[in-house]
Amino acid sequence: MMLFMINCYINMIYAFVYLGQLFMTLTPPHWCAAPNELFDSDLNLTLEQIKELTVPKDETTGKFAKCKMYQVNFTQVVGGNLSGPDPTWPTTTCINGWTYDFSLYYPTITSQLNWVCEEDWKPSLSQSLFFVGAFMASPVLGWASDRWGRLPIIVATNVMGGAAGVASAFTNSFVAFTSFRFLVGMTFDTHYTVVYILLLEYVSSEYRTIMANVPIMIFLTAGLCAMPWLALYLHDWSTFAIVIHALQFISVSFPWVVPESARWLLSKSRTKETVDIITRAAHMNKKSLTPEVIRELEEFGNKQKNAKNTQASALDLLKTPVLRFRFLVLCVMWLLMILAYDGHVRYSEHIGSNVFVSFTLAGIVELPADFLTMVLVEKVGRRHTTSITLVLSGVACLVIVAIPETYTTSIMVLAVTGRFLITMSINVGQQYPVEVLPTVARGSGAGLIHTLGNLTGFISPYVVYLSKIGHYLPYTILGLVSILGGSICVLLPETLNQILPDTLEDGETFFTGQGYCYNPCAGSRNEDGDREMEQYTYSNSTFQDLNSDAENTGRIPQEDEVRERVA
């Protein structure tokens, strides 16, 4: 239960860290500042009159220009009692700086350092470099979680990310801010992914969907919905940065309240520690471990100690044909999926007239999407749920392309629909690597997969930046990417009700013989299903779902019981 609660907490922190920078670099409404002489009390001009006089309007939309002002002698203009500006007046850039409207916004680093107009590329670049940090660090940290354990890496990444995030709040230059956000980016993905892996390594197959998605459904959604209003309430970007990153330091208490992965410990032949953890779990549930159970654990630990593949890395996933193919498909799937999801999330800023309301409404959509995901993956399976939702999300985006930009309500409805569907697909997508990759290389493999996702995270801010040209460009890219990703997902195996593979040999032989239409919920059966089960060793099947069985019965299930559960 404590591990589940930690996972819920990390999901909320992940929402803050992942998208918090968006609310640090928001661009408030702005226009060119007027010359100081127009604020002379003798002229008796209101702020709105000064704005009308100095800032030209767009001929098409009728909105005030953000980066241009009239270049005339305003003292003479006012003295001449002119009723209004002349559209034929020459214009210039904002030579007097900018005026920001904080009535619905708050001071951000963008307004503090004037990252607007000619420098409006800086927020996008700083966000992209955030993902470069994740791109560089995720493979190393994923490998480290396989080498030294899940728990040390969870604590280390949270502390490092929290320290860099708090430090970024005190910066006053682009280089300093971006450098600290780069360090935050190095840790943000791993501190979430490894907790996710740790949780699923303790959960039996029939509960994996619930335990994986409930924290996302409730706490990540709550984080997404609360974040804009927290930023607005604090009304200062630096205070917001300090608050959201200070929460990460709570992770230093994790080693005293949550156990290391028993599955990982046993894969490293650390049998005594495994027995201690399972004994405590059984004791909490008023059960006891029999000598036979302990002997089985010791036998499995000794076998792992003598095995050649107890030490593995992501590169080992490329050495055999089946694992290599699945690993590469997972990489491409996650790459395209993250680009689509991240693009949808970031484009929320451009939907509707109030970014805080739009972002919250788009975040609320994740709650029913997460719930429907839990239902569909148990009825339709992982593979078809992922593929169908990705394709439909892409179709929704392409329909937006065909709608005029003035149809704001229709665009918002379709955008929210696309966000709903891509949320469903990414929920299954992050569960897939944990279920397909073997325990000995799960952390490093998942880390490398997420690294490629961070590569597209580098691209997504610029996809959204293309909205300056037209609203159709970002949605065209997101639509095509989603449809391509959905088409690729059909190449993955169906993992519903399947036991997690532990060794590289398991990863090569599990889930084989499935057709593309295979659906375990529809009564169809893998022709090689019986043959697959024969390939399971008693020791491997003994450790599957180890924690759940120890908690509920105080003993390890026999092979015939495992066969029945998987079937």
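- Scanning for side-chain contact (heavy atoms from CB on, under 4.5 Å) contacts around I364 gives C225, T360, with sequence neighbours left out.
- Checked by atom type and distance alone, the side chain of T190 never pairs as donor or acceptor with a backbone atom of T187 at under 3.5 Å.
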- Message: For a side chain to side chain contact (heavy atoms under 4.5 Å, CB included) check, start with the C-alpha distance between F177 and Q21, then their side-chain angles and the critical distance, and finish with the verdict.
- Response: CA-CA 11 Å; F177 178 78; Q21 188 167 325; 4.0 Å; yes
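- Put simply, the side chain of S393 never gets that close to the backbone of T389: no donor and acceptor are under 3.5 Å apart.
- Here the two rings, on W334 and Y432, have centers that are 6.0 Å apart or farther.
- No donor-acceptor pair closer than 3.5 Å links the side chain of S387 to the backbone N or O of R383.
- Using modelled atom types, one side-chain atom of S425 and one backbone atom of I422 make a donor-acceptor pair closer than 3.5 Å.
- When atom types are taken as modelled, the side chain of R442 and the backbone of L437 share a donor-acceptor pair closer than 3.5 angstrom.
- Screening M160, R181, M136 against M186 for a side chain to side chain contact (heavy atoms under 4.5 Å, CB included) leaves a single residue, M160.
- A side-chain donor-acceptor contact under 3.5 Å links T157 to the backbone of I154.
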- Determine, step by step, whether C117 and C94 satisfy the disulfide bond (SG atoms under 2.5 Å apart) criterion, reporting the C-alpha distance in whole Å, the side-chain angles of both residues, the deciding distance to 0.1 Å, and the verdict. CA-CA 9 Å; C117 298; C94 300; 4.7 Å; no
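- The 12-atom threshold is exceeded at CZ of F249, counting heavy atoms of other residues, nucleotides or ligands nearer than 6.0 Å.
- S111 is linked by a side-chain contact (heavy atoms from CB on, under 4.5 Å) to P28, Y100, F102, P107, T108, counting only residues two or more places apart in sequence or in another chain.
- You'll find the ring centres of F240 and Y106 outside the 6.0 Å limit.
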- Item | side chain to side chain contact (heavy atoms under 4.5 Å, CB included) evaluation trace for I10 with F254 | CA-CA 11 Å; I10 288 295; F254 288 180; 4.1 Å; yes
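- What you find for I250 and Y9 is that their closest heavy atoms are CB-OH, 3.4 Å.
- No donor-acceptor contact under 3.5 angstrom links the side chains of T25 and Q127, judged on distance only.
- Here the closest heavy-atom approach between residue C489 and residue L390 is recorded as SG-CD1, 3.8 Å.
- Considering CG of L478 and CD1 of I400, their distance stands at 9.0 Å, rounded to 0.5 Å.
- V55 and F64 make their closest contact through O-CD2, 3.7 Å (heavy atoms, listed as atom of the first residue, atom of the second, distance).
- Counting non-hydrogen atoms of other residues, nucleotides and ligands closer than 6.0 Å to NZ of K68 gives a total of 12 or fewer.
- Of the residues listed (F182, F135, F16, Y14), the one engaging F188 in a ring pair (Phe, Tyr, Trp, His ring centres under 6.0 Å) is Y14, and it is the only one.
- Evaluation of the side-chain hydrogen bond (donor to acceptor under 3.5 Å, both in side chains) test over residues 472-490, restricted to residues two or more places apart or in two chains, returns none.
- Put simply, the side chain of S126 gets close to the backbone of P123: a donor and an acceptor are under 3.5 Å apart.
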- Task: Check the pair L484, L480 against side chain to side chain contact (heavy atoms under 4.5 Å, CB included), reporting the backbone distance first and the verdict last.
- Result: CA-CA 6 Å; L484 177 60; L480 295 176; over 6 Å; no
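- Looking at T27 and D120, their side chains never come closer than 4.5 Å, going by heavy atoms from C-beta outward.
- Enclosure of atom NZ in K66 is not indicated, since only 12 or fewer non-hydrogen atoms of other residues, nucleotides or ligands lie within 6.0 angstrom.
- The shortest distance between side-chain heavy atoms of V17 and V184 falls below 4.5 Å.
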